[in-house]
Amino acid sequence: GVRASVRGRTRKKSGDRPSFLGNRQSTKDFVPHLLRSFPSRVNVVQVAVGGDMLGAHTLAVSRTGRLYSWGYGPACGLGNTKNVSTPTLVTKFLGTGSGESSSGRTKKQEMEPLGWGRHSHRRYREKVSNKHLGLKVLRPKIVKATCGGGFSAVLSSEGEVFTFGVSAAGRLGFRTKFRAQLRPRRIETLAEGTTDLSAGASFVLLCSAAGRLLSWGDNSKGQLGVGHLQESHEPLGLVRACASAFVMTAVAAGDSHSLALDSSGRMYSWGGEGGPMTGQGQPVPNALQVDAAFQFRLRQLSHWWVRPHPVRALVGVRIVHIDAGCLHSLALSQDGALYAWGAPLQVGASGSMVASSNREVSWVPRLVAPSPKLPLVRVGTAAAGGWHSMATAAPCSPLERLLPPPEREDGEADFMRDEASLLGFCDGFLVSEVDS
């Protein structure tokens, strides 16, 4: 399991913005700290963080398949719009058709606030219950959670997908007249099970059990990969990227670009109007042509970035993990090499913060580790945040061979010399507990 720890920065008044750190009192932290407000007996195995200008929120999945949320109220799935300051268990998951429903009968006067907005007052006047709407309370076992801009999507052990939060631009995967879905609701139009999913700023990518790619939501920059720029309120299937791309195994959604990985380790990218975060290195199209295609709702476009394409710079490299940030992307190879591309600050470009304006954007993947600054290091895993990246690494050879020879001084204990040399070597690295 993983002990929940967070870091970040919030305002002094907790009422102004939701506390995505999970603390009752707003804090101002620049180092990780233990999240003590989390239930002590809960063993967390996965955490997801998302947000936009409306607010930030966090989801946590326990080993037993339970979902906890806190932060921006409409994206927490707790049935109301009030911001949540501490981790709270999500108890109700809604869906229609077959599925494990809760025991007990629904009371006639029971009302479920499914949404809020323009028509929400009619729901309370008519007192329409979930039973009359064809919705049942399900009890899925959650195995993965992902957060986007003001909304969330979770995956169950049975391959079901539940979405909740702000409904703008079709990001929930179903049509609704409310501004937000306040309880997790299952997407009934998915005919196949799901093996992986990822939420971007206002869209979602998923990989089906049959190895197909599906997407829905905002498509203003071609991030859905369906050949046009129109948004979709329901899941759409993507065409095969190439003849050899049979089974897709993983997806990653950035702010407006998308990544995918197939079973052979080949990586694909699209969206973002063909910007540097795709790693293709091709020229950006004319903005006037893109605006015209969006305004006139053209269904067939000739731009390469409206459909998945293999990343040519990584052909021949077997990729095992991908992740996408706001304006950058990461890829981890089978031999522990980490590649990054996109905005210069996020891809780990060298130089000082003062000279950051003179840095060049990485249009193609560049090797981050191993590198002259990270020699003899094997990267274990990597994650791309909105504007930053993190990675865990371990030495490729025994640690004592990489340590510099200690300086011998009279009267100094051997263990003190070893400790000083170890701290000097590990400064700036994230070393796993086994290797340390």
Side-chain angles (χ1 to χ4, degrees), residues 196 198 200 205 207 213 221-223 225 238-285 302-351 359-375 377-385 387-391 393:
D196 190 26
S198 179
L205 295 175
C207 199
L213 293 178
K221 294 187 178 181
Q223 55 264 47
L238 280 70
V239 297
R240 184 179 299 179
C242 62
S244 60
F246 289 102
V247 179
M248 294 293 179
T249 58
V251 290
D255 183 73
S256 61
H257 70 286
S258 305
L259 306 176
L261 186 67
D262 65 7
S263 57
S264 63
R266 180 176 297 182
M267 182 180 171
Y268 305 85
S269 66
W270 65 95
E273 293 186 0
M277 68 285 293
T278 60
Q280 299 288 349
Q282 299 189 23
V284 178
S302 60
H303 303 298
W304 69 265
W305 43 267
V306 296
R307 296 176 183 85
H309 280 73
V311 180
R312 294 177 296 179
L314 295 178
V315 173
V317 180
R318 186 177 182 86
I319 303 298
V320 296
H321 176 72
I322 55 176
D323 205 354
C326 184
L327 295 175
H328 70 292
S329 303
L330 300 177
L332 181 63
S333 67
Q334 188 178 16
D335 57 356
L338 180 63
Y339 298 87
W341 59 96
L345 283 179
Q346 285 76 49
V347 301
S350 60
R359 299 178 184 175
E360 295 182 358
V361 176
S362 298
W363 286 82
V364 294
R366 58 186 299 268
L367 184 63
V368 177
S371 66
K373 289 191 174 182
L374 295 174
V377 166
R378 181 185 180 92
V379 178
T381 182
W387 302 98
H388 68 291
S389 301
M390 298 186 68

Residues passing the salt bridge (Lys or Arg N to Asp or Glu O under 4.0 Å) test with Asp255, sequence neighbours excluded, are none
Any idea which heavy atoms bring Val364 and Gly281 closest together, and the distance?
CG1-CA, 4.1 Å
Taking only distance into account, with no hydrogens and no angle test, what donor-acceptor pairs under 3.5 Å do side-chain atoms of residues 314-323 form with protein atoms, sequence neighbours excluded?
| from | atom 1 | to | atom 2 | distance (Å) |
| --- | --- | --- | --- | --- |
| Arg318 | NH1 | Ser264 | O | 3.0 |
| Arg318 | NH2 | Ser263 | O | 3.4 |
| His321 | NE2 | Ala382 | O | 2.9 |
| Asp323 | OD2 | Ala384 | N | 2.9 |

Leu205 versus Ala252, closest heavy-atom pair with distance:
CD1-O, 3.8 Å
Pairwise distance CE(Met277) to CG(Leu259) - rounded to 0.5 angstrom
10.5 Å
Give me each pair satisfying side chain to side chain donor-acceptor pair (under 3.5 Å) with a member in residues 271-283, each pair once, sequence neighbours excluded.
Ser269-Gln280, Gln282-Trp304
Provide the closest heavy-atom pair for Arg266 versus Asp262 in the form atom of the first, atom of the second, distance.
N-OD1, 2.7 Å
Got a second to check how far Asp335's CG is from Arg378's CZ, nearest 0.5 Å?
6.5 Å
If you take all heavy atoms of Ala253 and Gly200, which pair is closest and at what distance?
CB-N, 3.5 Å
Thr381 and Leu332 have their tightest heavy-atom pair at CA-CD2, 4.0 Å
Got Leu238 and Trp270 here, is their nearest side-chain heavy-atom distance under 4.5 Å?
yes
Atom of Gly254, atom of Ala324 and distance for their closest heavy-atom approach
N-CB, 3.6 Å
So does Gly271 get a backbone contact from the side chain of Trp305, meaning a donor-acceptor N/O pair under 3.5 Å?
no
